[in-house]
J.: 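Sharing a structure with you now.
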Amino acid sequence: MSELKVLNSYTRQKEVFTPITPGHVGMYVCGPTVSGESHLGHARPFITFDVIYRYLLHLGYKVRYVRNITDAGHFEEEGRAAEDKISSKAVLEKLEPMELVQKYTNLFHWAMLQFNNLEPSIEPTATGHIVEQIEMIKAIIEAGYAYEVNGSVYFDIKKYSENYPYGKLSGRVLDEQLETSRELEGQDEKRNKADFALWKAAPPEHIMRWVSPWGEGFPGWHIECSAMATKYLGGQFDIHGGGMDLQFPHHESEIAQSTICNKETPARYWLHNNMITVNGKKMGKSYNNQIKLTEMFAGTHPLLEQAYGPMTIRFFILQTHYRSTLDFGNEALQAAEKGFKRLWEAYENLQKLDVPEQDSNAADEALNSKVNDLLSGMDEFMSDDFNTAKVLANLFELVPVINSIKDKHIAVSALSNATLNRLKKYFKEYIENILGLRSENAGDNGRLDGVLDLLIDIRKDARTKKDYATSDKIRNQLQELGILLKDEKDGSVGYSFQ
RNA sequence: GGUUCCGUGGCCGAGUGGCUAGGCAGAGGUCUGCAAAACCUUUUACAGCAGUUCGAAUCUGCUCGGGACCUCCA
């Protein structure tokens with residue numbers, strides 16, 4: 001097994017991954033802000049880091065995967081403030097803050113299940129860790145790197161940068177930050193524009209507020225991740241992940257806070273996934289081009305020509321390396337849908353293949369070694385900064401081999417029985433366990449299969465009698481329902497759902 | 001303005017010096033009652049210009065074009 005290498009954003013270099021504690025990995029990934037519904041862009045980090053998590057498990061590591069829920073602090077429900085001005089009665093019809101975050105947390109969990117993402121080991125909420133955050137802020141003040149003004153607490157970037165490499169992760173120079181940061185609320189309270197809030201005093205209308213040593217308020221955006229990562233993974237842990245857009249200021253601030261509190265840099269390896277774009281532009285609030293996940297699954301968005309299932313989206317994302325941008329497009333999604341279907345059917349064909357019990361040599365030595373090379377290549381690609389795109393390419397190169405064996409264009413004996421078993425094992429391990437793919441039609445019950453078997457049987461009789469009117473009627477009408485019958489070479493009939 | 005990344009064939013995308021990426025679409029063929037699927041074969045590339053090199057999509061410079069971050073952001 002080749003050793004795992006990852007591209008560390010902190011050093012901008014590909015490095016051999018060596019965990020702090022042999023055999024164990026601590027990984028923290030920035031989770032969702034549950035003030036609204038997740039969109040396609042949000043799916044990328046959670047699928048990316050799910051695959052990374054799965055691969056670490058595959059390598060035999062015991063992984064503690066922590067992914068937070070940001071349910072506190074700096075947000076309000078979209079559109080709420082404006083409506084409240086219209087009518088105070090509307091307030092009664094609005095959701096409680098915790099009701100709001102519960103609603104979107106549930107929706108987020110539902111989406112994660114749709115994508116077949118494994119659950120993180122710990123999923124801490126910001127609201128559940130106010131105490132830890134306050135303690136951390138107190139420690140930073142005591143260390144002399146934060147100051148309180150009018151009930152708010154700010155981190156002193158200028159002082160920090162005198163002793164620590166502020167800006168290293170995001171490649172920023174502090175002098176520029178001090179000059180170019182633009183006007184923001186509460187700017188006048190800060191000693192320097194680059195300083196960021198650890199704790200904000202809550203204005204009277206703010207919907208979420210907690211008691212603190214500095215008065216009622218709410219935590220700054222960055223402190224929750226530092227507090228929760230420290231609590232569950234320790235002062236220094238192995239991997240910190242998130243979207244590239246979080247590099248600055250979020251992760252840079254996290255590093256600063258944690259470094260002061262814990263006297264060491266928090267994460268050894270920083271991994272960042274790139275963005276999903278629409279017409280070359282990042283999917284996000286500012287461009288008003290987000291497609292919500294529920295809209296993706298249902299096909300209800302002007303940009304969508306059809307609905308796209310969660311496995312299609314997962315496959316679509318995995319076809320690209322996680323550090324590259326990925327451009328949304330109907331053509332690309334449809335290609336992913338068809339490609340995934342083809343891969344999945346080959347996988348099913350492979351699992352149904354009977355492998356001879358006794359050991360056998362390969363009749364086709366060249367093909368046999370080609371297959372083995374392609375399989376071994378998948379380990380190398382995954383270990384080279386999780387190159388799922390190349391893994392999929394190898395899987396696809398094996399598809400014609402599998403289908404040819406199934407259709408008897410290639411004899412089973414062409415491959416040694418060891419190779420066949422390895423092929424089966426690798427396909428299962430990679431497709432299901434590492435890439436986390438599953439049938440888009442998971443959850444069909446046995447009754448439908450029974451009904452289809454009956455129809456196939458009737459059609460078979462009709463065909464035997466050359467009653468093609470009946471046989472085509474069955475096939476055509478099933479096709480209208482999205483069920484595709486396929487006459488196989490050996491006389492059997494298979495079906496797939498579209 | 002500062003920092004930084006990218007520009008690959010109809011579409012999406014791998015790929016950091018020489019070896020077929022891959023998927024989808026297109027074309028031809030095999031198979032089939034007809035289809036579909038599958039299988040086989042196959043067309044269209046590396047933004048432009050100059051340079052380094054025996055050799056560049058891959059390195060350097062310039063030009064053009066686009067993006068990201070600098071504010072909430074996955």
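Numbers restart at 1 for each chain; the letters A, B, ... are given by sequence-line order, proteins then strands.
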J.: Are any of the side-chain heavy atoms of A:E254 and A:C30 separated by less than 4.5 Å?
T.: yes
J.: Students often get this wrong, so: under 4.0 angstrom with heavy atoms, is A:M244 touching a base, only sugar-phosphate, or nothing?
T.: nothing
J.: Can we say A:R463 and A:D487 salt-bridge, meaning some charged N sits less than 4.0 Å from an Asp/Glu carboxylate O?
T.: yes
J.: So what does A:A332 hit on the nucleic acid, given a heavy-atom distance under 4.0 Å: a base, only sugar-phosphate, or nothing?
T.: sugar-phosphate
J.: Using whole Å, report how far CD of A:E397 lies from P of B:C24.
T.: 13 Å
J.: Across all strands shown, which nucleotide pairs with B:C64 by Watson-Crick or G-U wobble geometry, both distances under 3.5 Å?
T.: B:G7
J.: Measure from OH on A:Y322 to P on B:G15 and round the result to the nearest Å.
T.: 11 Å
J.: Which word best sums up how the rings of A:F340 and A:F315 line up, parallel for under 30°, tilted for 30 to 60°, or perpendicular for over 60°?
T.: tilted
J.: Please state the P separation for the pair B:C39 and B:A74 - nearest whole angstrom.
T.: 41 Å
J.: Pick the P atom in B:G13 and in B:A68, then give their distance to the nearest Å.
T.: 15 Å
J.: A cation-pi test, strictly: NZ or CZ of A:R67 under 6.0 Å from the centre of the six-membered ring of A:F46 and no more than 45 degrees from its axis. Yes or no?
T.: yes
J.: With the threshold set at 4.0 Å, does a side-chain nitrogen-carboxylate oxygen contact exist between A:E337 and A:K341?
T.: no
J.: Choose from B:G22, B:G2, B:A74 the nucleotide whose nearest atom is closest to any side-chain atom of A:R172.
T.: B:G2
J.: Relative to the 5' end of RNA chain B, which residue comes earlier, A:P249 or A:D384, by the nucleotide with the nearest heavy atom?
T.: A:D384
J.: For atom P, what is the distance between B:G2 and B:U8, given to the nearest Å?
T.: 26 Å
J.: Got A:L304 and A:L333 here, is their nearest side-chain heavy-atom distance under 4.5 Å?
T.: no
J.: Paired with B:A45: which nucleotide, if any, by Watson-Crick or G-U wobble criteria at under 3.5 Å for both distances?
T.: none
J.: With rounding to whole Å, what would you report as the distance between B:U41 and B:C31 at their C1' atoms?
T.: 15 Å
J.: Mind listing the residues from residues 471-480 of chain A sitting with a heavy atom below 4.0 Å of RNA chain B? Number order is fine.
T.: A:S471, A:D472, A:R475
J.: Find the distance A:E337:CD to B:G13:C1' and express it as a whole number of Å.
T.: 18 Å
J.: Strictly under 4.0 angstrom, non-hydrogen atoms only: write out the protein contact profile of nucleotides 37-44 of chain B, one letter per nucleotide from the 5' end, B, S or -.
T.: BSSS----
J.: Take atom P in B:C46 and the same atom in B:A27, then report the distance between them in whole Å.
T.: 24 Å
J.: Searching all strands shown, indicate the nucleotide that pairs with B:A38 (Watson-Crick or G-U wobble; both distances under 3.5 Å).
T.: B:U30
J.: Does B:A57 have a Watson-Crick or wobble mate here (both distances under 3.5 Å), and if so which one?
T.: none
J.: Evaluate whether the aromatic ring of A:F396 and the six-membered ring of the B:G23 base sit under 5.5 Å apart, centre to centre, with an inclination under 30°.
T.: no
J.: Does B:A68 have OP1 or OP2 under 4.0 Å away from a side-chain N or O of A:Y287?
T.: yes
J.: Would you say that A:V66 contacts A:F237 through its side chain, given a criterion of any heavy-atom pair below 4.5 Å between the two side chains?
T.: no
J.: Taking OP1 and OP2 of B:A25, is either one under 4.0 Å from a side-chain nitrogen or oxygen of A:K338?
T.: yes
J.: Over all strands shown, is A:G329 touching base, sugar-phosphate only, or nothing at heavy-atom distances under 4.0 angstrom?
T.: nothing
J.: Can you tell me the distance, in whole Å, between the NZ atom of A:K390 and the P atom of B:A14?
T.: 11 Å
J.: Would you indicate what A:H321 reaches in the nucleic acid, counting non-hydrogen atoms under 4.0 angstrom: base, sugar-phosphate, or nothing?
T.: sugar-phosphate
J.: Once you apply a heavy-atom cut-off of 4.0 Å, does A:G280 come out as touching a base, just sugar-phosphate, or nothing?
T.: sugar-phosphate
J.: When you measure from the side chain of A:R459, which nucleotide among B:C12, B:C69, B:G33 comes out closest?
T.: B:G33
J.: Closer than 3.5 angstrom, by distance alone: can the side chain of A:N273 be matched with the main-chain N or O of A:R323 as a donor-acceptor pair?
T.: no
J.: Would you measure the distance from the P atom in B:G61 across to the matching atom in B:A21 and give it in whole Å?
T.: 27 Å
J.: Quick test of your reading: applying side-chain hydrogen bond (donor to acceptor under 3.5 Å, both in side chains), list the pairs with at least one residue in residues 44-53 of chain A, sequence neighbours left out, ordered by first then second residue.
T.: A:D50-A:R54, A:D50-A:R314
J.: Evaluate A:K14 against A:D385 for salt bridge (charged side-chain N to carboxylate O under 4.0 Å, His left out), listing each step before the verdict.
T.: CA-CA 8 Å; A:K14 207 175 268 184; A:D385 201 26; 5.5 Å; no
J.: Please state the C1' separation for the pair B:U43 and B:C6 - nearest whole angstrom.
T.: 28 Å
J.: Could you tell me whether A:R475 and A:D472 make a salt bridge, using a distance below 4.0 angstrom between a side-chain N and a carboxylate O?
T.: yes
J.: Separation of A:H222 atom NE2 from B:U71 atom C1', in whole Å?
T.: 11 Å
J.: Picking from B:C69, B:A14, B:C11, which would you name as closest to the side chain of A:E331?
T.: B:C11
J.: Which base, if any, makes a Watson-Crick or G-U wobble pair with B:G1, both distances under 3.5 Å?
T.: B:C70
J.: In whole Å, what is the span from the CZ atom of A:F381 to the C1' atom of B:A14?
T.: 9 Å
J.: Please determine, for the side chain of A:A335, which listed nucleotide (B:G23, B:C72, B:A74) has the closest atom?
T.: B:G23
J.: A:I276 has an atom CD1; how far is it from atom P of B:C6, in whole Å?
T.: 19 Å
J.: Between atom CZ in A:F386 and atom C1' in B:G15, what is the gap in whole Å?
T.: 19 Å
J.: Nearest-nucleotide wise, let me know which of A:N387 and A:A336 is further upstream toward the 5' end of RNA chain B.
T.: A:N387
J.: Measure the acute angle between the ring planes of A:Y347 and A:W344, then classify it against the limits of 30° and 60° as parallel, tilted or perpendicular.
T.: perpendicular
J.: Within less than 4.0 Å of OP1 or OP2 of B:A14, is there a side-chain N or O belonging to A:S324?
T.: yes
J.: Please give the distance between the C1' atoms of B:U44 and B:G26 as a whole number of Å.
T.: 10 Å
J.: Mind checking who B:G17 pairs with, Watson-Crick or G-U wobble, both distances under 3.5 Å?
T.: none
J.: Please determine whether a side-chain nitrogen of the Lys or Arg among A:K406 and A:E345 lies less than 4.0 Å from a carboxylate oxygen of the Asp or Glu.
T.: no
J.: Less than 4.0 angstrom between a side-chain N/O of A:N330 and OP1 or OP2 of B:C24, yes or no?
T.: no
